[in-house]
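First up is the structure itself, then whatever we jot down about it.
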Protein chains: 2
Amino acid sequence: MENQRIRNGRVTIHDVAAAAGVSISTASKALNNTGRMGDDTRERVKRVATEIGFRPNALAKGLLSNRSFTIGLLTNDTYGRFTLPVMAGITEALVDHGVSVFLCTIEDDPALGKVHVDAMLDKSVDGIIASGKRIDRRLPVDLSHLPVPVVYAFTEGTPGSVTFCADDFQGATLAVEWLMGLGRRRIAHITGPESFVSVRERARAYRSLVGDTLPVLYGTWSEAWGHEAVAKLWGTPGPKPDGIFCGNDQIARAVVDALRERDVRVPQDVSVVGFDNWEIVAAQTRPPLTTVDMNLKALGREAGLTVLALAEGRAVEPGIRTLPCELVVRQSCGGNPDH
Amino acid sequence: MENQRIRNGRVTIHDVAAAAGVSISTASKALNNTGRMGDDTRERVKRVATEIGFRPNALAKGLLSNRSFTIGLLTNDTYGRFTLPVMAGITEALVDHGVSVFLCTIEDDPALGKVHVDAMLDKSVDGIIASGKRIDRRLPVDLSHLPVPVVYAFTEGTPGSVTFCADDFQGATLAVEWLMGLGRRRIAHITGPESFVSVRERARAYRSLVGDTLPVLYGTWSEAWGHEAVAKLWGTPGPKPDGIFCGNDQIARAVVDALRERDVRVPQDVSVVGFDNWEIVAAQTRPPLTTVDMNLKALGREAGLTVLALAEGRAVEPGIRTLPCELVVRQSCGGNPDH
DNA sequence: CTGAAAGCGCTTACAG
DNA sequence: CTGAAAGCGCTTACAG
């Protein structure tokens, strides 16, 4: 009685229509809450649809509406240290809208980037979010003339695009003010390469609060540099810092280790604060790090909602949107963990 | 002359047909290398297609063939520590086949898992790869009666499924034999919770080579445990180990740190080998860790090709496929880095 | 060797 | 209030 269309096992709208005793047009309208029909009809169709387990074929819908309910996340962050939180935020924001996310990790290879972008365009993605490892570098692929909306998150966007990034200045301010609030007066800043915009922004915030009695120590994003920097600070005569603001958690971890090796107590003698809230580093440090969280998940959430808005044709103001950071208090500073 | 179909900017097969002066059927057959026609016609159609930038709409193709050229990767590994390498392998293997990958990170939430699986099925994914954090736990979602093929990689599969995992026994053997080859005779094993199959397998390999003069130290996957274990071993009188095989890199890192704090030299006095080759830990340890790599990328590659084979209807032998591990030699053991 | 027609699963004017 | 028809972009028997 109803098995004339069991083609590949999937229940189609024809099955719903047959089972509800209406035409497929009516079935469609009932399910989409469009058209005009008796409430009883609409309800019956809906009930029947759930009963026989109807799920509309997204491919067919997409062919009509030119919307596929998929978006692509393009990144060159192989480790996923920054991209994974961003991805989590995107997914969280979009799963309720039925949108699934393609993840494409391109190394720094333009050809590979193009292959992935083309593969996504072939699938009619509704939009693309570009992400990366730093906010002052572009991905090795040009996304400026694509037939779908593009949003940038934690990577440099093209002029006129929508770009989301964390507020480095505000985050650094949070960290230094926290140290000052704990009574620290000689606060050092050990950080990454000066070529990073983030590094310069954080240093600028540090300077604006601490003044320039102490030099900013620029280096690499490595534990080795953290050790070296501590050796520098403690190897010269004169008063030592009682607070250290580090450019990332790896440096902070090394700083804490290096201080322990010199029998300097953290946090009693020196308070240390990190940046990134990279759990795996921050939580394993002894003592665990108080550090700045860039709220990358929130950033992903915003980027997801924005690309969705653009896909739906809603207007979005272009420009750089800066989201605030947050201080995560653990034990490396002492002080009241209840903020 | 050719702009009657500029609907949403996309070039369709109609445009190709018109531009080449053939019917759309012929155009389709020319582009797909099917049907019979003059070589000149076929070539002309192809040339015209590239010239006007034709890219077939994957949604339309999918509607016909019931293949979407997408697959889903489902995981509960939020950090991506295991899933990201697996994902990289999958992508590497499938991008040449035009397949894009949906990444769905479900926490350990069954409801969320179902939402993601349904979203993927709606999009007619050609298959699903399930991945996780350990090989003896299932994802919190039942994938056994899905209308698409499912392959498991680094997570427990259902009976009768295809499952890929690393060879823990062989990997551990590699590590211990390396220590023995360096002349180490009192080799300890500090590892994770005995409840993990991987832990038991690795311990079994260790036992089979070292015998049972020394106890296996089971603990947690943390640096804290590494420190504690060293304190145990060095805190009791009697001969000390000259080699330590650690259950993962975090423990190994802590062991190296703890030994340094006791002025035991690594690798001169004690050789330490880790497990996982988790770059961010292994490379930052002082000295960098010699460690076992589970080849998760290769695992992903195999899983990707297998799910593709199943999607294309090719027969695949069910069962557990074990892939060999590999030793990555750095400096924590001494010995010849040229293996 | 080539093309007209039917159809994949759905939606949306348009008639009744 | 409901349904027949056309169409999204493609492929694939089937005729010629």
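Chain letters run A, B, ... following the sequence lines, proteins first, then strands; residues in each count from 1.
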Practice problem: May I ask you to verify if any side-chain N or O of N66(B) is less than 4.0 angstrom from the OP1 or OP2 atom of dC8(C)? | Solution: no
Practice problem: Just compare dC14(C), dC8(C), dC10(C) and give me whichever is closest to any side-chain atom of L64(B). | Solution: dC8(C)
Quiz prompt | Phosphate OP1/OP2 of dT12(C) contacted by K29(A) side-chain N/O (<4.0 Å) | solution = no
Quiz prompt | Opposite nucleotide pairing with dT2(C), Watson-Crick or G-U, both atom distances under 3.5 Å | solution = dA15(D)
Quiz item: Considering only heavy atoms and no angle criterion, is a donor-acceptor pair shorter than 3.5 Å present between the side chain of S23(B) and the base of dA4(C)?
Solution: no
Quiz item: Do you know which two heavy atoms are closest between G98(A) and K123(B), and how far apart they sit?
Solution: O-NZ, 2.6 Å
Quiz item: Which nucleotide in the list dG9(C), dG3(C), dC1(C) gets nearest to the side chain of M37(B)?
Solution: dC1(C)
Quiz prompt | Whole-Å distance separating the CG atom of D39(B) from the C1' atom of dT2(C) | solution = 15 Å
Exercise. Take the protein atom CG of L31(B) and the nucleotide atom P of dT12(D), then report the distance between them rounded to whole Å.
Key: 13 Å
Quiz item: Salt-bridged, R321(B) to E302(B), with N to O below 4.0 Å?
Solution: no
Practice problem: Mind checking T34(A) for me? I need base, sugar-phosphate or nothing, with any heavy atom below 4.0 Å counting as a touch. | Solution: nothing
Quiz item: Over how many whole Å does the gap from E43(B) atom CD to dC1(C) atom P extend?
Solution: 15 Å
Self-check item: Between C1' of dA15(D) and CZ of R36(B), the distance in whole Å
Solution: 17 Å
Quiz item: Expressed in angstrom and rounded to an integer, what is the separation of R67(A) atom CZ from dC10(C) atom P?
Solution: 18 Å
Practice problem: Please state how far atom NZ in K123(A) lies from atom P in dC10(D), giving the value in whole angstrom units. | Solution: 15 Å
Quiz item: At under 4.0 Å, does any side-chain N or O of S28(B) touch on OP1 or OP2 of dT11(D)?
Solution: yes
Exercise. Report the nucleotide, chosen from dG3(D), dT2(D), dC10(D), that has the shortest atom-to-atom distance to any side-chain atom of F54(B).
Key: dC10(D)
Exercise. Can you figure out which of dC10(D), dT2(C), dG9(C) approaches the side chain of T12(A) most closely?
Key: dG9(C)
Quiz item: Using 4.0 Å as the upper bound for N to carboxylate O, is an ion pair formed by E51(A) and R47(A)?
Solution: yes
Quiz prompt | Pairwise P distance for dC10(C) and dC1(D), with rounding to whole Å | solution = 26 Å
Quiz item: So do L299(A) and L296(A) actually touch side chain to side chain, heavy atoms under 4.5 Å?
Solution: yes
Quiz prompt | Candidates dT2(C), dT12(C), dG9(C) - which lies nearest the side chain of T41(B) | solution = dT2(C)
Practice problem: Taking only the side-chain heavy atoms of N32(B) (C-beta and beyond), determine which of dC10(D), dT11(D), dT11(C) contains the nearest atom. | Solution: dT11(D)
Self-check item: Rounded distance (Å) that lies between atom C1' of dC10(D) and atom CG of N57(A)
Solution: 14 Å
Self-check item: Ion pair R67(A)/D126(A), N-O distance below 4.0 Å
Solution: yes
Quiz prompt | Nearest-Å distance for atom pair CD1/P, residues I24(B) and dT11(D) | solution = 9 Å
Quiz item: Considering only side-chain heavy atoms of L63(B), which listed nucleotide, dT2(D), dC8(D), dC8(C), is closest?
Solution: dC8(C)
Quiz item: Any ion pair linking D118(A) and K114(A) (charged N to carboxylate O, less than 4.0 Å)?
Solution: yes
Quiz prompt | dG9(D) phosphate, OP1 or OP2, under 4.0 Å from K61(B) side-chain N/O | solution = no
Quiz item: Does OP1 or OP2 of dT11(D) have a side-chain N or O of S25(B) closer than 4.0 Å?
Solution: no
